[in-house]
Amino acid sequence: MGLSTPKISKQKIAITGVNGLLGQKLVSQLIDRGTFEVIGFGKGACRIPNQEFEYVTLDITDESKVHSEIKRVHPDIIIHGAAMTNVDECELHQEAAYKVNVKATEYLLRAAESVGAHFIFVSTDFIFSGEEGPLDEQAVPAPVNYYGETKLEAEQLVQASATKWAIARTVLVFGIAHDMSRSNIILWVKSSLESGKNIQVVDDQFRTPTLAEDLAEGCILIAEKGAEGIFNISGPDFLTPYEMAMVTADYFGLDKSLIARVDSKTFTQPAKRPLKTGFSIEKARKVLDFEPKTFRTAIGILSKQIILASS
Ligand SMILES: NC(=O)C1=CN([C@@H]2O[C@H](COP(=O)(O)OP(=O)(O)OC[C@H]3O[C@@H](n4cnc5c(N)ncnc54)[C@H](OP(=O)(O)O)[C@@H]3O)[C@@H](O)[C@H]2O)C=CC1
Ligand SMILES: Cc1cn([C@H]2C[C@H](O)[C@@H](COP(=O)(O)OP(=O)(O)O[C@H]3O[C@@H](C)C(=O)[C@@H](O)[C@H]3O)O2)c(=O)[nH]c1=O
């Protein structure tokens, strides 16, 4: 009787914020790859249709539940994307922002240390002042809003942690997903212009906008390679929101005369935005073999997804 071939068990990867824009892309790309066992942690009910993965309802601000669930699941890797991501909300409700973005990250980090998981934290260009850009991984953080402060404090906890860690920093993520809890600039420009609305768009903020699929790809490359340290994971093109709006209007054949070009002095939001950010992605290209789509190609991909979603 031949020996049965040993079943090689897959590495377990746990995702927080799985119902979110990044979370949904991570789940579908990981399932397509088939190389990991995927556990998705989300707040409330699962909002992702027909995905073969283990969904677990987990409010990450519940410290004891975080510990018991991570202990039960015992993941090899944790990609922590869950956060309070509405920047203006964070400015106006700082206690809630601190609880989710800092304290919950600490609970997950301690739990990761207890099971020896590789902890991958998703961070942001908003930890920077916006005085200069594009920035590399050595740039010195100096946040100008409370959301940025919470993400920087969370980064500092991660960097001081005893477990294997990596930080994936990204910028202005756009894309479409199921039952989204927040919109993003491309979808907002498109729907505003389609409904004939006049919009004011700033031309003195600089970003490297990132297709959600590319951010997910970058995080998965870090996981697959067991990479450690800080990586800028963003799109390759350096644009202002005004330029993004014009490209979007062009692509979808919408009325550009509805777009008013303003600056951050006239167009204000409750939370200050850093003016000039955007990332150099040379390190991710070299170390991770990361190669994101150009902004125009990304808009093309998104437009196909929008058509599919509305069919
Ligand atoms: N979007 C962007 O432009 C950028 C995002 N980032 C970072 O990328 C990461 C992912 O962002 P993105 O996918 O766009 O954000 P989303 O807001 O789409 O996803 C965040 C997810 O976190 C979940 N969440 C919030 N609070 C809790 C909680 N207490 N317990 C459990 N889950 C919770 C939300 O749940 P629910 O859906 O139920 O609200 C949501 O699904 C974040 O860490 C963000 O800081 C960095 C730079 C740019
Ligand atoms: C709503 C709006 C935005 N904008 C500009 C401001 C800003 O530069 C850009 C996006 O504005 P929003 O307020 O939609 O998004 P914003 O909150 O700036 O997005 C941020 O999200 C968090 C999670 C991050 O981590 C950051 O990297 C960043 O992506 O568009 C306008 O010019 N006019 C408008 O009417």
Side-chain angles (χ1 to χ4, degrees), residues 15-26 40-48 56-62 65-66 79-91 96-97 99-101 103-105 107-108 120-128 130 143 145 147-148 150-151 154-155 167-175 177-189 192 197-210 212 215-216 219 233-234 239-242 244-245 259-264 266-279:
I15 315 277
T16 69
V18 78
N19 286 319
L21 177 56
L22 169 61
Q24 293 192 33
K25 303 302 183 183
L26 279 169
F41 289 117
K43 195 168 65 169
C46 182
R47 302 203 307 263
I48 308 176
V56 178
T57 296
L58 172 66
D59 180 335
I60 57 170
T61 60
D62 179 339
K65 196 120 187 282
V66 164
I79 301 181
H80 175 34
M84 190 165 155
T85 56
N86 184 311
V87 177
D88 294 324
E89 281 292 297
C90 289
E91 200 73 21
K99 249 176 85 180
V100 178
N101 294 355
K103 292 310 289 176
T105 299
Y107 304 153
L108 285 157
I120 300 170
F121 178 63
V122 188
S123 190
T124 170
D125 59 327
F126 274 27
I127 63 171
F128 296 108
N145 57 50
Y147 161 77
T150 63
K151 294 297 279 190
E155 277 203 13
I167 291 172
R169 287 179 182 156
T170 193
V171 183
L172 204 53
V173 180
F174 63 95
H178 302 283
D179 193 4
M180 297 169 81
S181 30
R182 68 190 281 257
S183 185
N184 51 78
I185 184 164
I186 308 304
L187 300 183
W188 164 75
V189 167
S192 304
K197 232 176 101 208
N198 284 296
I199 54 173
Q200 297 184 322
V201 190
V202 293
D203 202 25
D204 63 347
Q205 293 183 20
F206 294 81
R207 303 282 184 266
T208 44
T210 308
L215 174 59
C219 293
I233 303 288
S234 80
L239 299 138
T240 69
Y242 177 75
M244 294 174 213
I259 303 172
R261 182 181 193 168
V262 294
D263 64 24
S264 302
T266 38
F267 172 78
T268 54
Q269 297 175 276
K272 196 167 170 312
R273 270 36 181 204
L275 281 182
K276 209 169 182 186
T277 67
F279 285 153

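In listed order, ligands and their atoms are each counted from 1. One-based numbering along the sequence shown. Please read all numbers here as calculations on a predicted model, not as lab measurements.
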Identify the protein heavy atom lying closest to atom 17 (O) of ligand 2, giving its residue, its atom name and the separation to 0.1 Å.
-> Arg273 NH2, 2.8 Å

Pairwise side-chain contact, Lys151 with Phe126, heavy-atom cut-off 4.5 Å (strictly under) = no

Does Asp59 come within less than 4.0 Å of Lys43, counting only side-chain N to carboxylate O?
-> no

Min side-chain heavy-atom separation Val201-Val262 under 4.5 Å | no

Per-residue contact class, Ser181 against ligand 1 - non-hydrogen pairs under 4.0 Å = side chain

Top protein contact for atom 18 (O) of ligand 1, by heavy-atom distance = Leu21 N, 3.0 Å

Out of Asp179, Asn184, Ile60, Asn101, who gets a non-hydrogen atom closest to atom 28 (C) of ligand 1?
-> Ile60

Residue Tyr147 vicinity, atoms of ligand 1 by number, heavy atom under 4.0 Å | 6 (N), 44 (C), 45 (O), 46 (C)

For residues Thr266 and Gln200, is any side-chain donor paired with an opposing acceptor at under 3.5 Å?
-> no

Give the residue and atom name of whichever protein heavy atom lies nearest to atom 11 (O) of ligand 2, and the separation in Å to one decimal.
-> Gln269 NE2, 4.3 Å

Heavy atom of Met84, distance to ligand 1 below 4.0 Å = no

Close approach, Gly81 and ligand 1, non-hydrogen under 4.0 angstrom | yes

Any Trp188 heavy atom less than 4.0 Å from ligand 2 | yes

Does even one non-hydrogen atom of Ser123 get within less than 4.0 Å of ligand 1?
-> yes

Please report which non-hydrogen protein atom sits nearest to atom 17 (O) of ligand 1, along with the residue it belongs to and the distance in Å to one decimal place.
-> Thr85 OG1, 2.7 Å

